[in-house]
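Quick notes on the structure that follows.
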Amino acid sequence: MSLLPTTSIAAIAGYADQTVTLAGWVYHKTDKGKLIFIQLRDGSGTLQCVVSKKQVPEAAFAAAQQLTQESSCRMTGLVRADARAAGGFELDVQAVQLVGASPDYPISPKDHGVEFLMEHRQLWVRSARQHALLRVRAEVIAAAQEWLNAQGFIRFDSPILTATAAEGTSNLFATEYFDLGTAYLAQTGQLYVEAGMMAFGKVYCFGPTFRAEKSKTRRHLTEFWMLEPEVAFATHDDNLRLQEDFVSALVQRVIERRSADLQVLERDTSILARCLPPFPRISYDDALKLIEANQGAIEGATPLTWGDDLGAPHEQLIASQFDRPVFVERYPAALKAFYMQPDPQRPEVALCADLLAPEGYGEIIGGSERIHDAALLEQRIRDHGLSVEAYQWYLDLRRYGTVPHSGFGMGIERVVAWITGTRHIRETIPFPRMLYRIYP
RNA sequence: UCCCCGAUAGCUCAACGGUAGAGCAUCUGACUGUUAAUCAGAGGGUUCGUGGUUCGAAUCCACGUCGGGGAGCCA
């Protein structure tokens with residue numbers, strides 16, 4: 001025999017006036033004495049189930065009375081259209097079977113603090129808001145891969161354990177690796193997708209990346225998921241066009257397919273609907289002027305001199321001037337990673353861009369054209385004090401049939417936070433890893 | 001690493017130098033249209049830890065622990 005339900009709640013409208021068996025968890029219960037209302041959640045949706053003392057066997061009514069929040073159960077009954085129920089349908093229950101009891105469920109429908117909820121993350125993900133958020137995350141990931149695949153990309157995953165720091169900058173998590181010394185958890189897959197790009201033309205990797213920075217803000221996780229496309233023969237301009245087409249496609253698909261979830265999250269979709277290409281572009285030089293002209297608009301966004309990096313308040317100020325994501329391009333090369341291609345007209349700036357999301361969500365993409373000349377790349381490795389020896393495999397990509405190429409990295413959690421209007425990035429991943437949290 | 005803030009019932013908070021409180025949750029009872037149900041009753045405390053000031057500390061001070069927000073860094 002099977003314990004599987006005969007239908008999911010999401011498909012309940014197709015079962016009007018039929019008898020079905022549902023299987024799920026009690027989201028909420030109201031006991032009116034001889035009438036019990038149970039909001040049953042099965043993962044696909046929630047349905048109001050009505051148990052009437054007059055209409056069910058005594059044992060079934062007693063079983064329904066015993067149900068507490070998050071008890072798992074199976075319910076058999078008649079599907080009936082009813083305007084009084086949220087969603088338009090409810091189940092007239094005929095039989096109730098308790099599967100797993102749930103005494104003293106810790107998360108009530110009322111207020112809880114962040115610390116308490118994070119300590120109970122394994123249960124918090126059952127709540128409506130978290131449920132909606134994680135569904136949007138899944139949609140963004142599916143949409144991203146399907147869109148790239150349709151454009152002729154192939155997924156080419158990069159290793160998570162690496163022997164050296166890829167960019168030689170940020171702090172990495174280290175671990176023992178048998179007799180080969182220390183291994184590091186990757187903070188990017190970019191160097192490896194460049195190898196894939198030379199093999200397949202258009203590739204992307206998608207997986208967890210790690211930053212051992214002691215960042216303590218709502219935009220940072222120590223473990224986050226990054227999607228990194230890389231395209232052969234693509235210039236800086238090609239790269240920006242790909243990014244704006246890609247990001248707007250993701251947003252439009254979430255609006256199209258997950259509007260019910262965005263509604264649960266009370267997200268104003270009219271702001272998202274404007275997210276269509278082309279995205280505005282502003283050079284680093286013009287960004288400095290914009291900051292100067294708007295000083296005082298945002299606390300901390302003080303004027304900078306050429307060569308200074310933009311801080312979080314500066315990025316916020318720039319983003320606030322536009323109604324859709326904005327590219328900030330051509331930063332001073334000295335501020336950026338060693339592999340970025342210098343602008344041939346102005347070697348002191350790099351052919352790179354950061355994409356800043358609106359509404360203060362910050363940088364969601366960082367990308368650039370990569371150096372394709374072996375001699376220049378080797379020089380840059382030396383200039384940055386990195387080991388040429390460790391990068392021999394990477395230099396090989398420029399020694400054998402090198403081509404101009406570009407790519408970018410997109411942080412999934414930041415994109416999901418922006419699309420859903422979630423204040424803190426920690427809610428956009430099932431089990432966030434942060435400076436002071438590795439449990440559960 | 002630096003700056004700011006917080007910790008009191010299971011949860012969210014109040015009490016701010018003088019007897020430890022409320023709402024929700026839990027338990028008991030009533031109720032056939034609830035959806036954060038309502039009504040009546042009950043139980044529930046190492047006030048984060050250590051030390052100090054005081055006749056007296058949840059309250060003031062010091063240190064510590066845990067957590068929150070931000071900077072830097074970045075996706």
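Just so it is clear, the model here is predicted, and its values are computed rather than measured. Here is how names work: the chains are called A, B, and so on, in the same order as the sequence lines, proteins then strands, and each is numbered from 1.
No engagement by Gly300(A) is indicated, since no non-hydrogen atom pair under 4.0 Å with the nucleic acid exists. Across all strands, Glu90(A) comes closer than 4.0 Å to base atoms (heavy-atom distances). Among the heavy atoms of the strands, none lies under 4.0 Å from Met410(A). Residue-level contact check: Lys54(A) touches the bases, meaning some heavy atom is under 4.0 Å from a base atom. Here Asp309(A) lies in heavy-atom contact (under 4.0 Å) with sugar-phosphate atoms only. Using a 4.0 Å heavy-atom criterion, one finds that Gln48(A) contacts the bases of the nucleic acid, with or without backbone contacts as well. As judged by a 4.0 angstrom heavy-atom cut-off over every strand, Phe224(A) is placed among the base-contacting residues. Residue Lys29(A) is out of contact with every strand shown, counting any heavy-atom pair closer than 4.0 Å. Counting non-hydrogen atoms under 4.0 angstrom, His424(A) reaches the backbone sugars and phosphates but no base. Using a 4.0 Å heavy-atom distance criterion, Ile365(A) is classed as a sugar-phosphate-only contact.
Between Lys214(A) and rU1(B), a side-chain N or O to OP1/OP2 separation shorter than 4.0 Å is present. Contact between the side-chain N/O atoms of Arg219(A) and the OP1/OP2 oxygens of rG69(B) is not found at any separation under 4.0 Å. Contact check, Arg218(A) against rC74(B): no side-chain N or O comes under 4.0 Å of OP1 or OP2.
Across the interface with RNA chain B, nearest-nucleotide mapping of Arg80(A) and Leu435(A) shows Leu435(A) to be the residue nearer the 5′ end.
Side chain of Asp245(A) to backbone of Pro277(A): no donor-acceptor contact under 3.5 angstrom is found.
For Tyr284(A), the ring pair (Phe, Tyr, Trp, His ring centres under 6.0 Å) partners at least two apart in sequence or on another chain are Trp306(A), Tyr331(A).
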- Note on the structure: Output field dot_bracket for RNA chain B (Watson-Crick or G-U, both distances under 3.5 Å, | for other-strand pairs) contains (((((((..((((....[..)))).(((((.......))))).....(((((..]....))))))))))))....
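In the region residues 36-44 of chain A, proximity to RNA chain B at under 4.0 angstrom, judged on heavy atoms, holds for Phe37(A), Gln39(A).
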- Task: May I have the step-by-step check of salt bridge (Lys or Arg N to Asp or Glu O under 4.0 Å) for Arg267(A) and Glu359(A), ending in yes or no?
- Result: CA-CA 12 Å; Arg267(A) 181 62 163 130; Glu359(A) 302 166 78; 3.0 Å; yes
